[in-house]
Amino acid sequence: MKIGVIGGGQLGRMLALAGTPLGMSFAFLDPAPDACAQALGEHIRADYDDKDHLRRLADEVDLVTFEFESVPAETVAFLSQFVPVYPNAESLRIARDRWFEKSMFRDLGIPTPDFADIQSQADLDAAVAGIGLPAVLKTRTLGYDGKGQKLLRKPADVSNAFAELGSVPCILEGFVPFTGEVSLIAVRGRDGETCFYPLVHNSHESGILRLSVASSNHPLQALAEDYVGRVLKQLDYVGVLAFEFFEVDGGLKANEIAPRVHNSGHWTIEGAECSQFENHLRAVAGLPLGSTAKLGESAMLNFIGEVPPVAKVIAIEDCHLHHYGKAFKAGRKVGHATLRCPDRATLDRQITAVETLIPRV
């Protein structure tokens, strides 16, 4: 089976690493000349809206998926005329626009921060008057890793904020005084079979995920599964989906979804019976889903900007290095380490050992 992937970054690369043992081959459509997934399959260098090359991809593969939500929903809709594409275009359309996303959560009865659609500075002024400060102004599309957003703490922060984010459609969200950030990775097959990984505790710096720790018997696991299950059913979703939540007052408030394999699920490569990458491929290919059970205690640490010396990383017991083969650049995710340890005390020690190798900026 040959899988087409829109996007040739590290997520596409890890999908191919998981799919190759299953007898799958891959073609990646990506405009970047140095797309890091190209070492694992054919690289079709083209823009995501290049219909000639999209048609070429469709003719070469058995099905198509995508590795990130910056892909236009129109691209998925176009490809769907010629080849199966999972997840579907509607899932991508909703997930890539924060207004559509939050509106869907509200309609499904999933708690969210207060939010308002912002099309102008006047809209922003009115929304701040209703929601109050602090609040977060975010572009409706193309925001990730802390990009495309501004925290509004005081009235002076509001006055020119719409222009500062490019005078593009935005959403204002009330600031959530959360006690923790968690995410749930789920996978749903073509037949509706659904599996969930354990909730993951996430820590960010400057809007970029730094550390994810898989939980054991989290008290909010069932509630998170309920909320995610509503979204999967609503979207008739196929594949892996990540749902990020804020922990608030003993419950959960929705932050956002990602219609793809997700950074906070990288721990599953070594830390689960079946990784999120293999399970995504199983789902989109119509194969039986794999077990999401944990193997010991697991965590993932991102390497941002540069990967520490390989010898030092792999010298740490229970540590597994994943180097993405990307040029080092400030703010870029260039690799990660996953840890799988027999108990939580050992895991905490090993997290500290890896963290000492990461340059602080």
Side-chain angles (χ1 to χ4, degrees), residues 47-49 68-77 88-181 183 202 204-209 227 230-231 234-235 241-249 251-260 331:
D47 291 331
Y48 301 127
D49 59 357
F68 66 155
E69 57 269 37
S70 294
V71 176
E74 293 78 10
T75 292
V76 172
N88 58 39
E90 178 66 4
S91 299
L92 182 57
R93 185 186 74 86
I94 295 292
R96 72 192 307 270
D97 187 306
R98 289 184 169 107
W99 171 256
F100 295 154
E101 183 182 58
K102 286 293 194 303
S103 298
M104 178 185 67
F105 298 158
R106 179 185 59 198
D107 293 345
L108 292 175
I110 301 171
T112 71
D114 293 333
F115 63 95
D117 187 24
I118 306 299
Q119 300 288 334
S120 65
Q121 184 64 42
D123 286 347
L124 177 58
D125 294 339
V128 168
I131 293 175
L133 296 176
V136 184
L137 183 67
K138 303 177 180 179
T139 57
R140 280 179 49 168
T141 62
L142 301 180
Y144 63 97
D145 289 346
K147 299 177 177 67
Q149 57 184 271
K150 179 179 174 61
L151 177 60
L152 310 177
R153 295 184 181 277
K154 54 187 184 301
D157 297 332
V158 179
S159 59
N160 199 42
F162 185 71
E164 289 178 23
L165 289 188
S167 298
V168 297
C170 292
I171 184 171
L172 183 73
E173 298 179 8
F175 185 78
V176 178
F178 58 87
T179 56
E181 296 177 90
S183 57
N202 298 317
H204 297 78
E205 290 182 15
S206 302
I208 301 177
L209 181 65
Y227 290 159
R230 298 182 200 183
V231 170
Q234 173 71 20
L235 296 175
L241 178 139
F243 201 138
E244 299 182 23
F245 296 98
F246 299 116
E247 290 186 272
V248 183
D249 297 329
L252 297 170
K253 283 195 175 183
N255 181 16
E256 61 186 14
I257 57 172
R260 53 174 171 81

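The model shown is predicted, which means the values in this text are computed figures rather than measured ones.
- Ring geometry, Phe175 versus Phe178: the interplanar angle falls from 30° to 60°, so the pair is classed tilted.
- A ring-ring contact (aromatic ring centres under 6.0 Å, His included) with Phe105 is found for one member of Phe243, Phe245, Tyr227 and no other, namely Phe243.
- Just one residue in the list Lys253, Lys150, Lys102 forms a salt bridge (Lys or Arg N to Asp or Glu O under 4.0 Å) with Glu173, and that residue is Lys102.
- Rounding to the nearest 0.5 Å places CG of Leu137 at 11.0 Å from CG of Asp157.
- Exactly one of Leu252, Asn255, Thr179 qualifies for a side chain to side chain contact (heavy atoms under 4.5 Å, CB included) with Phe246. That residue is Asn255.
- Across all their heavy atoms, Gln234 and Leu108 have their closest contact at OE1-CD2, 3.8 Å.
- Within 6.0 Å of CG in Asp107 there are more than 12 heavy atoms belonging to other residues, nucleotides or ligands.
- Formation of a donor-acceptor pair under 3.5 Å by the Asp249 side chain with backbone atoms of Gly251 is not found in this model.
- Arg96 places a side-chain N or O within donor-acceptor distance of the main-chain N or O of Glu69, the cut-off being under 3.5 Å.
- For Glu164 (side chain) and Val158 (main-chain N/O), no donor-acceptor pair under 3.5 Å exists by modelled atom type.
- A donor-acceptor pair is defined here as one N or O able to donate and one able to accept, closer than 3.5 Å; no such pair exists between the side chain of Arg153 and the backbone of Leu133.
- The residues Glu101 and Arg98 are annotated as not salt-bridged, no charged nitrogen and carboxylate oxygen being separated by less than 4.0 angstrom.
- Of all heavy-atom pairs between Val76 and Leu92, the closest is CG2-CD2, 3.6 Å.
- Among Asp117, Val128, Asp114, the single residue meeting the side chain to side chain contact (heavy atoms under 4.5 Å, CB included) criterion with Leu172 is Val128.
- Listed for the Gln121 side chain is no donor-acceptor partner under 3.5 Å among the backbone atoms of Ala163.
- For the pair Arg140 and Ile171, the tightest heavy-atom approach, listed with the atom from each and the gap, is CG-N, 4.1 Å.
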